[in-house]
Amino acid sequence: MQIFVGLGNPGAKYARNRHNIGFMVVDEIATDHGFTPWKSQFQGQVSSGNLGSEKVLLLKPTTFMNLSGQAVGEAMRFYKLTPADVTVFHDELDLAPSKVRVKMSGGHAGHNGLRSIHQHIGEHYRRVRLGIGHPGHKDRVAGYVLSDFAKAEAGWLDDVTRGCSDGAKELASGEGPRFLNAVSLRTAPARSSKTVKAAAEKKAAVVAKPVEDTRSAMQKLADRFRS
């Protein structure tokens with residue numbers, strides 16, 4: 001059994017915050033993979049189901065971000081699991097928007113949710129780092145993560161949540177690269193051969209036009225000297 005934890009803050013006020021992208025991902029997984037309805041347990045909201053051959057508990061701590069570790073630790077101990085059985089989806093300032101990375105163990109990099117989890121279960125758990133970008137200065141970080149995603153970000157945000165759900169079975173089976181490939185098929189889909197050919201022809205036309213214009217100008221100049 002595994003626990004997939006989405007980090008965020010409870011309540012409608014925070015629902016669309018950048019800090020809540022972890023909640024958004026596990027919500028998408030629950031919906032797409034037919035998990036049970038959410039219910040209150042372990043100081044959070046939980047939903048259970050199967051991803052491939054793996055039984056998975058989805059957990060959204062309702063302790064607020066800074067105390068997320070309480071819920072994670074309680075659920076882990078109840079099922080007699082180890083930190084290696086826990087995967088945490090969280091917002092990542094140090095990655096550009098729509099970028100996703102998988103990491104095993106390591107520091108919390110100042111993320112309050114991860115810091116709390118470290119305190120309760122240690123650092124040897126898996127993280128899925130969900131890029132939200134950086135506001136540019138550390139003094140603006142708190143306001144940035146607690147503000148809603150802009151309307152212009154809706155496209156890549158949907159791609160990321162759906163991509164994580166697409167690859168959830170691979171993630172549960174320990175296939176990190178395949179999980180990331182599923183995400184990239186959403187966030188950076190491969191272009192068809194027709195699209196590639198059209199782009200190449202357009203580029204060639206753009207390059208060729210100045211050459212043709214130069215030839216035309218030179219021909220006019222030569223005609224003028226001959227007349």
Side-chain angles (χ1 to χ4, degrees), residues 3-49 51 56-75 86-101 108-117 120 125 127-136 140-168 171 182-183 186-187:
I3 301 176
F4 279 13
V5 183
L7 294 188
N9 288 309
K13 175 183 177 181
Y14 303 101
R16 300 299 297 173
N17 282 186
R18 292 180 174 86
H19 226 14
N20 275 44
I21 191 171
F23 274 15
M24 297 174 196
V25 167
V26 294
D27 278 337
E28 188 71 38
I29 293 172
T31 299
D32 292 349
H33 296 275
F35 275 52
T36 62
W38 293 95
K39 67 178 183 179
S40 296
Q41 195 176 7
F42 307 126
Q43 301 181 64
Q45 290 288 308
V46 300
S47 175
S48 60
L51 293 173
V56 175
L57 180 79
L58 302 178
L59 170 64
K60 296 187 294 182
T62 53
T63 54
F64 285 91
M65 185 68 78
N66 293 6
L67 300 176
S68 298
Q70 294 179 183
V72 178
E74 186 175 331
V86 176
T87 299
V88 177
F89 295 84
H90 67 91
D91 56 304
E92 178 58 72
L93 290 163
D94 293 332
L95 287 178
S98 83
K99 298 298 181 182
V100 178
R101 297 290 183 269
H108 54 67
H111 191 290
N112 289 333
L114 299 185
R115 178 185 283 112
S116 177
I117 294 173
H120 287 267
Y125 57 92
R127 307 94 190 271
V128 177
R129 305 163 65 212
L130 307 165
I132 61 169
H134 198 285
R140 296 172 55 197
V141 166
Y144 178 73
V145 299
L146 292 176
S147 62
D148 287 356
F149 283 104
K151 289 183 179 180
E153 297 177 287
W156 72 253
L157 178 60
D158 185 64
D159 287 340
V160 165
T161 57
R162 289 178 180 273
C164 287
S165 179
D166 291 344
L171 187 65
V183 176
R186 288 279 187 178
T187 59

Does a donor on one side chain and an acceptor on the other come within less than 3.5 Å for Gln45 and Ser40?
yes
What heavy-atom pair brings Ala71 and Phe42 nearest, and what distance separates the two atoms?
CB-O, 3.1 Å
Rounded to the nearest 0.5 angstrom, the CG-CE distance for Leu146 and Met65 is 8.5 Å
Any pair with a residue in residues 7-30 that passes salt bridge (charged side-chain N to carboxylate O under 4.0 Å, His left out), sequence neighbours left out, goes on the list, sorted by first then second residue, please.
Arg18-Glu153, Asp27-Lys60
Taking atom CG of Leu95 and atom CZ of Arg129, what is their separation to the nearest 0.5 Å?
4.5 Å
Test item: Val72 and Val88 side chains (from C-beta on) under 4.5 Å apart, heavy atoms
no
Does any part of the side chain of Asn66, heavy atoms only, come nearer than 4.5 Å to the side chain of Ser116, both counted from C-beta?
no
So Tyr144 and Leu93, do their side chains get closer than 4.5 Å, heavy atoms only?
yes
Please name the pair of heavy atoms, one in Ala30 and one in Ser47, separated by the smallest distance, quoted to 0.1 Å.
CB-OG, 4.1 Å
I'd like to know whether Lys39 forms a side chain to side chain contact (heavy atoms under 4.5 Å, CB included) with Val46, so could you lay out the CA-CA distance, the side-chain angles of the two residues, the decisive distance to 0.1 Å, and finally the verdict.
CA-CA 5 Å; Lys39 67 178 183 179; Val46 300; 3.7 Å; yes
Give me the atom names and distance for the closest heavy-atom approach of Phe4 to Ile29.
CD2-CD1, 4.3 Å
Inter-residue atom distance Leu7.CG - Leu114.CG, 0.5 Å rounding:
6.0 Å
d(Thr161 OG1, Asp166 CG) to nearest 0.5 Å is 9.5 Å
Measure the shortest side-chain to side-chain distance between Asp91 and Leu130 over non-hydrogen atoms and say whether it is less than 4.5 angstrom.
no
Side-chain contact test, heavy atoms from C-beta onward, threshold under 4.5 Å: evaluate it for Ile21 versus Phe149 and give yes or no.
yes
Hey, what's the ring geometry for His90 with His111, parallel, tilted or perpendicular (30° and 60° as the breaks)?
perpendicular
Within a strict 4.5 Å, meaning less than it, do heavy atoms of the Ile132 and Pro97 side chains meet?
no
First locate atom CH2 of Trp38, then atom OG of Ser48, and finally report the distance between them rounded to the nearest 0.5 Å.
10.0 Å
Closest non-hydrogen atoms of Ala75 and Leu57, given as atom of the first, atom of the second and distance, are CB-CD2, 4.4 Å
To the nearest 0.5 Å, what is the distance between CD (Glu74) and CG (Leu59)?
9.5 Å
Where is the tightest heavy-atom contact between Ala15 and Asn20, given as atom of each residue plus distance?
O-CB, 3.9 Å
Does any non-hydrogen side-chain atom of Ser165 lie less than 4.5 Å from one of Val25?
no
Do Phe23 and Asn17 touch side chain to side chain, with heavy atoms closer than 4.5 Å?
no
